[in-house]
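The structure presented is a predicted model; accordingly, all values stated were derived computationally and were not measured. All heavy atoms count here, side chains included; hydrogens, waters and symmetry mates do not. All ligand and atom numbering here is 1-based and tracks the order in the structure.
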Amino acid sequence: MTYRLRLPGPTTVPERVRNAMAQPVVNHRGPEFSAIVKEIETGLQNIMGTANPVLLFAASGTGVMEASLANTLGPGDKALFIANGQFADRFAAIAEGLGLQANLLDVPWGDAVDPKALSARLAEADYQAVIAIHNESSTGAVADLEAIGAIVRDTPALLIVDSVSGLGGIEMQQDRWGIDILVSASQKALMCPPGLGLVSVSEKAWKIIDVNAPRTRFYWDFRTARDNAVDGQTAFTPAVSLGFALCEALRMIDEEGLPNVLARHARLAAALQAGGTALGLPVFTRSPIRSNTVTVLQMPDGHDSGTIVRHLYEQYGTVIAGARNKLQGTVVRFGTMGYIDEADILLDLMYLERTLDALGLPVTPGAALAAAQESLRGS
Ligand SMILES: *Cc1c(COP(=O)(O)O)cnc(C)c1O
C-alpha cells in the first residue's frame, strides 16, 4: 500500500528535494554553502514579498515563533494576540512562557478577525506588538493581513505574523501589507522536511531589536543572524542538508512560477472542499477568506472524526489529521499544499467516500468525484 502523507504538515517531499539532501555535507562557511544560503534568501524574498534579509534557523516553526517574541518584547511589554484557533493559542502560551503579558482578542474558531474589532482594541491600550496567524491550520481561516497591516502600520506596535502553513501556498506580500516579522517553516507548502525556521524582519522591527533592551535570547538573536546573512552564513552551524533541500524546493517553485503555484493551491483546495461537501462533510471554515492549504471538514453530529482518520490510514495508507484541541472528534483536516496535484485530491475523495460508506454514513456514490471534477473544470 502506498503511504500517502496528506496532513496539513509535514507534507510530501518531492524526489528532487529528497535527492538534494543526499549531497555530501560541505563546509558551512565555504563558498558552496554560502551560494546556497543566498539563493534561498532570494527565493524566499520572492515568496514572502519582501526585500528584507531572510534569517534561517535550525528549528521547527514554534522555535521561530518564540524567537520573534524574544527579540522584540521585554518584561512588562504588552502583546495582543488575535486568538481564533490552536496556533494563536500556542503563540500566546509562548508569550506567557517568556513572562510577557499576553492579551487576547478572542474570535470564534473558524472565523477571522473583523478589522474593526482590532482597531477598537488598539484604541483602548498601547501594545508593543500585534500577533496574527496568517493561515490558522486548526480551522482553515485565513487572516486579511492587508487590512490588519493597514491598521497596525500607523501605531507603534509591531505586526508579527505566523505564516507557517500559508507561505508558498497563499499569497504573501510582507512589505506591501506592513508585516514586521514574518515567521514560517520548511515542512508545509515549501515541500521540505521539518527542521528549518524562516524569518524576515522589517525596518520598523529592526529599530526596536537594535536598541539592545534587556531581552533573553542568544541562539535566537536576530542581530547576529542578520550580520551573518550578509555573507551568506548563519550564526551557528546550519542544517546544511536541509539547506540543500530548501534550495531545490525553491527552484521547483520558481520553475513552475509562483503565480501558478498559488493558483494550483486555490484550485485543488476548492475541488477538495466541493467534494467533501458533496459527501455530507461541510467546510468548517467561516472566515470570509478560506484556506487554500488546509481543508477542514465538519463531521455530522454524533460521528467521531477519529474513526475516519484511522480507517483512511489503515485501509488506504492515507494519513490525514483530526484535531488535538477543542475541535477533537468533530473535524477532519487535509493538507492541500506543497507537492500535490489533481490526482491526489481525486484519490482523497475516493478513499473518503469508501471510508464514510464503510462506517455507515450515508453517501451518494460518485457525488464527491463529480463535484470535484466540476470544480476543477470551472477553474
Ligand atoms: C505547523 C504550524 C506551526 C509550527 O509548528 P511546528 O510543529 O513547531 O513546526 C505554527 N503555526 C501554524 C499555523 C502551523 O500550521
message = Using a 4.0 Å cut-off to any heavy atom of Ser165, which atoms of ligand 1 qualify?
response = 13 (C), 15 (O)
Ligand 1 atoms in contact with Met65 (distance to a heavy atom under 4.0 Å) = 10 (C)
request  = Can you sort out which atoms of ligand 1 are near Ser60, meaning under 4.0 Å from one of its heavy atoms?
outcome  = 6 (P), 8 (O), 9 (O)
task = Among all protein heavy atoms, pick the one closest to atom 15 (O) of ligand 1 and tell me residue, atom and distance.
result = Ser137 OG, 2.4 Å
query = Under a 4.0 Å N-O cut-off, is there an ion pair linking Arg18 with Glu15?
reply = no
request  = Could you pull out all residues at least two apart from Ile289 that satisfy side-chain contact (heavy atoms from CB on, under 4.5 Å)?
outcome  = Val142, Asp144, Ser287
inquiry  = Closer than 4.0 angstrom, basic N to acidic O: yes or no for Arg226 and Asp210?
reply    = yes
request  = Using distance alone, decide if ligand 1 has a nitrogen or oxygen within less than 3.5 Å of any nitrogen or oxygen in Gln187.
outcome  = yes
Contact check, Val294 vs ligand 1, heavy-atom distance below 4.0 Å = no
request  = Before signing off on this row, confirm whether Val164 and ligand 1 have an N or O atom pair separated by under 3.5 Å.
outcome  = no
query = Which residue holds the protein heavy atom closest to atom 5 (O) of ligand 1, what is that atom called, and what is the gap in Å?
reply = Arg90 NH1, 3.4 Å
message = Under a 4.0 Å threshold between the charged nitrogen and the carboxylate oxygen, would Glu41 count as salt-bridged to Lys38?
response = no
query = Who passes salt bridge (Lys or Arg N to Asp or Glu O under 4.0 Å) against Asp231, sequence neighbours left out?
reply = none
ask   = Do any heavy atoms of Glu136 fall under 4.0 Å from ligand 1?
value = no
message = Using a 4.0 Å cutoff against the non-hydrogen atoms of Asn135, which atoms of ligand 1 qualify?
response = 13 (C)
inquiry  = My understanding is that only one of Ile320, Thr318, Val319 makes a side chain to side chain contact (heavy atoms under 4.5 Å, CB included) with Arg4; could you say which?
reply    = Thr318
Where ligand 1 meets Gly61 - atom numbers and elements under 4.0 angstrom, heavy-atom basis = 4 (C), 6 (P), 8 (O), 9 (O)
ask   = If you look at every heavy atom in Val294 and Met337, which pair is closest and at what distance?
value = CG2-CE, 4.0 Å
ask   = Which protein heavy atom lies closest to atom 1 (C) of ligand 1, and at what distance to 0.1 Å?
value = Lys188 NZ, 1.3 Å
request  = Report the nearest protein non-hydrogen atom to atom 11 (N) of ligand 1: residue, atom name, distance rounded to 0.1 Å.
outcome  = Asp162 OD2, 2.5 Å
inquiry  = Given the ring of Tyr219, does Arg217 sit roughly above its face, with NZ or CZ under 6.0 Å from the centre of the six-membered ring and within 45° of the axis?
reply    = no
ask   = Can you name the closest pair of heavy atoms from Phe81 and Ala95 and give their distance?
value = CZ-CB, 3.5 Å
